[in-house]
Amino acid sequence: EVETPFIDLNGAPVTLETSQSVFKGLVKTGWQIVQRKGSLIAEIKDSTGNRVLYELGRQNIELATRPMASSTIVRECRNILESIYMVAEGVGAYPRFEPMLDSDEDLLVMPDERDATWIELDGREALKPLAKISSVQFTIEVPPHRAIECVNNLNKNLLTFMGSYPQDRI
(Lines give C-alpha, C1' and ligand atoms only; values in the text may rest on other atoms or scores of the structure.)
Protein backbone atom coordinates (compact mmCIF):
# COMPACT_ATOMS: atom_id res chain seq x y z
CA GLU A 1 0.00 0.00 0.00
CA VAL A 2 1.15 3.50 -0.80
CA GLU A 3 -0.68 6.42 0.78
CA THR A 4 -0.16 9.77 -0.91
CA PRO A 5 -1.50 13.11 0.33
CA PHE A 6 -2.49 15.55 -2.42
CA ILE A 7 -2.23 19.32 -2.23
CA ASP A 8 -3.31 22.18 -4.47
CA LEU A 9 -1.03 24.78 -6.06
CA ASN A 10 -1.07 26.81 -2.83
CA GLY A 11 0.12 23.83 -0.76
CA ALA A 12 -3.24 23.29 0.95
CA PRO A 13 -4.85 19.85 1.20
CA VAL A 14 -7.13 19.24 -1.77
CA THR A 15 -10.85 19.52 -1.26
CA LEU A 16 -13.16 16.53 -1.24
CA GLU A 17 -14.46 17.71 -4.63
CA THR A 18 -10.93 17.63 -6.06
CA SER A 19 -10.10 14.18 -4.69
CA GLN A 20 -13.39 12.92 -6.09
CA SER A 21 -12.32 14.36 -9.45
CA VAL A 22 -9.18 12.19 -9.23
CA PHE A 23 -11.33 9.10 -8.70
CA LYS A 24 -13.65 10.10 -11.56
CA GLY A 25 -10.66 10.77 -13.82
CA LEU A 26 -9.29 7.31 -13.13
CA VAL A 27 -12.70 5.78 -13.88
CA LYS A 28 -12.56 7.52 -17.28
CA THR A 29 -9.26 5.73 -17.94
CA GLY A 30 -10.75 2.28 -17.25
CA TRP A 31 -10.83 1.87 -13.47
CA GLN A 32 -14.14 0.55 -12.11
CA ILE A 33 -16.09 1.78 -9.11
CA VAL A 34 -16.07 -0.87 -6.38
CA GLN A 35 -17.62 1.05 -3.49
CA ARG A 36 -19.60 4.19 -2.91
CA LYS A 37 -20.23 5.79 0.46
CA GLY A 38 -23.34 7.82 0.01
CA SER A 39 -22.74 9.85 -3.13
CA LEU A 40 -18.93 9.58 -2.87
CA ILE A 41 -16.77 7.19 -4.84
CA ALA A 42 -14.83 5.49 -2.03
CA GLU A 43 -12.93 2.75 -3.87
CA ILE A 44 -12.05 1.86 -7.44
CA LYS A 45 -10.06 -0.99 -9.00
CA ASP A 46 -8.27 -1.64 -12.26
CA SER A 47 -8.61 -4.72 -14.46
CA THR A 48 -5.84 -6.57 -12.61
CA GLY A 49 -7.12 -6.02 -9.05
CA ASN A 50 -5.15 -2.97 -7.91
CA ARG A 51 -7.32 -0.68 -5.80
CA VAL A 52 -7.43 3.06 -5.07
CA LEU A 53 -9.32 4.28 -2.01
CA TYR A 54 -9.34 6.93 0.68
CA GLU A 55 -7.12 6.49 3.70
CA LEU A 56 -9.02 8.47 6.35
CA GLY A 57 -8.33 11.92 4.88
CA ARG A 58 -10.06 13.53 1.95
CA GLN A 59 -6.62 14.33 0.48
CA ASN A 60 -4.98 11.01 1.36
CA ILE A 61 -5.39 8.53 -1.48
CA GLU A 62 -4.16 4.97 -1.08
CA LEU A 63 -2.97 2.59 -3.78
CA ALA A 64 -3.37 -1.01 -2.63
CA THR A 65 -1.69 -3.27 -5.15
CA ARG A 66 -2.58 -6.83 -5.85
CA PRO A 67 -0.02 -9.43 -4.70
CA MET A 68 3.02 -9.33 -6.97
CA ALA A 69 6.44 -10.90 -7.20
CA SER A 70 9.20 -8.94 -5.51
CA SER A 71 10.94 -8.64 -8.88
CA THR A 72 8.07 -6.61 -10.37
CA ILE A 73 6.30 -4.85 -7.48
CA VAL A 74 8.36 -1.65 -7.43
CA ARG A 75 8.24 -1.09 -11.20
CA GLU A 76 4.53 -1.87 -11.48
CA CYS A 77 3.65 0.19 -8.41
CA ARG A 78 5.56 3.18 -9.79
CA ASN A 79 3.77 2.88 -13.14
CA ILE A 80 0.37 2.87 -11.43
CA LEU A 81 1.33 5.79 -9.19
CA GLU A 82 2.52 7.77 -12.23
CA SER A 83 -0.90 7.21 -13.84
CA ILE A 84 -2.68 8.37 -10.68
CA TYR A 85 -0.43 11.42 -10.35
CA MET A 86 -1.01 12.36 -14.01
CA VAL A 87 -4.79 12.21 -13.60
CA ALA A 88 -4.52 14.14 -10.33
CA GLU A 89 -2.42 16.88 -11.91
CA GLY A 90 -5.11 17.28 -14.55
CA VAL A 91 -7.60 18.27 -11.83
CA GLY A 92 -5.18 20.45 -9.85
CA ALA A 93 -3.99 17.91 -7.27
CA TYR A 94 -0.28 17.31 -6.66
CA PRO A 95 1.37 14.57 -4.58
CA ARG A 96 3.16 15.70 -1.44
CA PHE A 97 6.12 13.47 -0.61
CA GLU A 98 6.56 13.98 3.12
CA PRO A 99 5.71 11.72 6.08
CA MET A 100 3.07 14.11 7.44
CA LEU A 101 1.00 16.85 5.90
CA ASP A 102 1.29 20.06 7.90
CA SER A 103 -2.27 21.33 8.28
CA ASP A 104 -4.53 22.42 11.12
CA GLU A 105 -7.60 21.35 9.13
CA ASP A 106 -9.76 18.39 10.11
CA LEU A 107 -9.23 16.27 7.00
CA LEU A 108 -11.21 13.18 8.00
CA VAL A 109 -13.65 11.92 5.42
CA MET A 110 -16.08 9.47 7.04
CA PRO A 111 -19.23 9.42 4.98
CA ASP A 112 -21.05 6.31 6.18
CA GLU A 113 -22.40 4.69 9.35
CA ARG A 114 -19.48 2.28 9.77
CA ASP A 115 -17.00 5.14 9.57
CA ALA A 116 -19.08 7.20 11.98
CA THR A 117 -18.95 4.28 14.43
CA TRP A 118 -15.18 4.18 14.05
CA ILE A 119 -14.99 7.87 14.98
CA GLU A 120 -17.31 7.27 17.93
CA LEU A 121 -15.17 4.38 19.22
CA ASP A 122 -11.70 5.82 18.62
CA GLY A 123 -12.57 9.49 18.92
CA ARG A 124 -12.20 12.17 16.30
CA GLU A 125 -9.17 13.69 18.07
CA ALA A 126 -7.32 10.35 17.92
CA LEU A 127 -8.07 9.85 14.21
CA LYS A 128 -7.46 13.39 12.92
CA PRO A 129 -3.65 13.10 12.90
CA LEU A 130 -3.83 9.75 11.12
CA ALA A 131 -5.58 11.47 8.20
CA LYS A 132 -2.39 13.49 7.61
CA ILE A 133 0.14 10.63 7.52
CA SER A 134 1.71 9.26 4.34
CA SER A 135 3.11 5.79 4.30
CA VAL A 136 4.30 2.85 2.32
CA GLN A 137 3.28 -0.49 3.79
CA PHE A 138 4.30 -3.85 2.48
CA THR A 139 3.90 -7.50 3.25
CA ILE A 140 6.71 -9.93 2.60
CA GLU A 141 6.02 -13.63 2.68
CA VAL A 142 8.59 -15.69 4.56
CA PRO A 143 8.52 -19.32 5.66
CA PRO A 144 6.99 -19.59 9.15
CA HIS A 145 10.20 -21.04 10.62
CA ARG A 146 12.09 -17.83 9.61
CA ALA A 147 9.47 -15.30 10.70
CA ILE A 148 10.94 -14.48 14.13
CA GLU A 149 14.45 -14.22 12.70
CA CYS A 150 13.23 -11.80 9.99
CA VAL A 151 11.36 -9.59 12.47
CA ASN A 152 14.41 -9.48 14.75
CA ASN A 153 16.67 -8.51 11.82
CA LEU A 154 14.22 -5.80 10.83
CA ASN A 155 14.21 -4.45 14.38
CA LYS A 156 18.04 -4.44 14.52
CA ASN A 157 18.09 -2.20 11.44
CA LEU A 158 15.17 0.03 12.37
CA LEU A 159 17.19 3.24 12.60
CA THR A 160 18.63 2.63 9.14
CA PHE A 161 15.32 3.48 7.54
CA MET A 162 13.37 5.07 10.38
CA GLY A 163 15.88 7.58 11.78
CA SER A 164 13.48 10.47 11.25
CA TYR A 165 9.90 9.54 12.01
CA PRO A 166 7.74 12.65 12.59
CA GLN A 167 4.64 10.54 13.27
CA ASP A 168 6.12 9.82 16.70
CA ARG A 169 5.32 13.44 17.65
CA ILE A 170 1.61 12.69 17.59
Side-chain angles (χ1 to χ4, degrees), residues 1-8 13-101 107-119 121-122 127 129-148 150-151 153-154 161-162 167:
E1 297 177 1
V2 178
E3 299 167 12
T4 306
F6 287 85
I7 58 172
D8 63 20
V14 295
T15 63
L16 184 58
E17 180 180 294
T18 300
S19 62
Q20 281 291 286
S21 293
V22 173
F23 280 78
K24 290 173 186 174
L26 289 167
V27 168
K28 287 180 182 176
T29 69
W31 291 70
Q32 297 179 340
I33 298 171
V34 173
Q35 183 181 29
R36 289 185 177 270
K37 292 184 176 184
S39 62
L40 300 178
I41 299 172
E43 183 178 335
I44 57 177
K45 71 173 184 170
D46 69 8
S47 60
T48 63
N50 298 302
R51 299 176 304 124
V52 171
L53 56 149
Y54 284 108
E55 177 56 36
L56 290 176
R58 67 174 192 245
Q59 85 303 336
N60 206 4
I61 297 176
E62 174 182 311
L63 166 64
T65 62
R66 70 188 187 286
M68 293 183 220
S70 60
S71 61
T72 61
I73 183 73
V74 173
R75 183 182 70 251
E76 288 194 38
C77 188
R78 281 186 173 182
N79 289 340
I80 298 165
L81 287 169
E82 285 177 18
S83 299
I84 294 168
Y85 298 162
M86 188 180 328
V87 167
E89 186 175 337
V91 298
Y94 305 91
R96 176 73 175 220
F97 301 112
E98 292 186 9
M100 285 190 74
L101 188 62
L107 301 171
L108 287 173
V109 57
M110 301 288 192
D112 69 8
E113 186 178 325
R114 179 187 158 274
D115 294 336
T117 301
W118 193 15
I119 287 177
L121 292 173
D122 290 339
L127 291 175
L130 297 178
K132 300 174 186 178
I133 294 175
S134 307
S135 70
V136 176
Q137 303 163 17
F138 54 92
T139 303
I140 299 173
E141 187 175 329
V142 296
H145 69 277
R146 292 209 48 231
I148 291 174
C150 290
V151 170
N153 284 335
L154 182 64
F161 57 91
M162 300 275 292
Q167 290 89 327

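- Each side chain to side chain donor-acceptor pair (under 3.5 Å) pair with one or both residues in residues 76-85, not counting sequence neighbours, appears once here: Thr4-Tyr85, Arg66-Glu76.
- Distance check: Gln35 CD to Leu40 CG gives 10.5 Å after rounding to the nearest 0.5 Å.
- For Val34, the side chain to side chain contact (heavy atoms under 4.5 Å, CB included) partners at least two apart in sequence or on another chain are Glu43, Lys45.
- Here the side chains of Leu81 and Val2 are in contact, with some heavy-atom distance below 4.5 Å.
- In terms of the side chain to side chain contact (heavy atoms under 4.5 Å, CB included) criterion, residue partners of Ser21 (sequence neighbours excluded) are, by chain and number, Val91.
- Contact detail for Asn50 and Ile80: the closest heavy-atom pair is ND2-CD1, 3.3 Å.
- Checking side-chain atoms of Gln20 against main-chain N and O of Ile41 turns up a donor-acceptor pair under 3.5 Å.
- Applying the side-chain hydrogen bond (donor to acceptor under 3.5 Å, both in side chains) test to Thr65 and every residue at least two apart in sequence or in another chain returns nothing.
- Going from atom SG of Cys150 over to atom CG of Asn153 covers 6.5 Å, rounded to the nearest 0.5 Å.
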Validation: residues 22-33 side-chain donor-acceptor distances under 3.5 Å, sequence neighbours left out:
{"unit_1": "Thr29", "atom_1": "OG1", "unit_2": "Leu26", "atom_2": "O", "d": "2.7"}

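- In this structure, the separation between CD on Glu3 and CG on Asn60 is 5.5 Å, given to the nearest 0.5 Å.
- Among residues two or more places apart in sequence or in another chain, the side chain to side chain contact (heavy atoms under 4.5 Å, CB included) test is passed with Ala64 by Glu1, Arg51, Leu53, Glu62.
- Looking only at side-chain heavy atoms (C-beta outward), Phe6 and Pro13 stay at 4.5 Å or farther from each other.
- Interatomic distance, CE of Met68 versus OG1 of Thr48, reported as 6.5 Å (0.5 Å rounding).
- Taking CZ of Arg58 as the start and OG1 of Thr18 as the end, the distance is 9.0 Å to the nearest 0.5 Å.
- In this structure, the salt bridge (charged side-chain N to carboxylate O under 4.0 Å, His left out) partners of Arg146, at least two apart in sequence or on a different chain, are Glu149.
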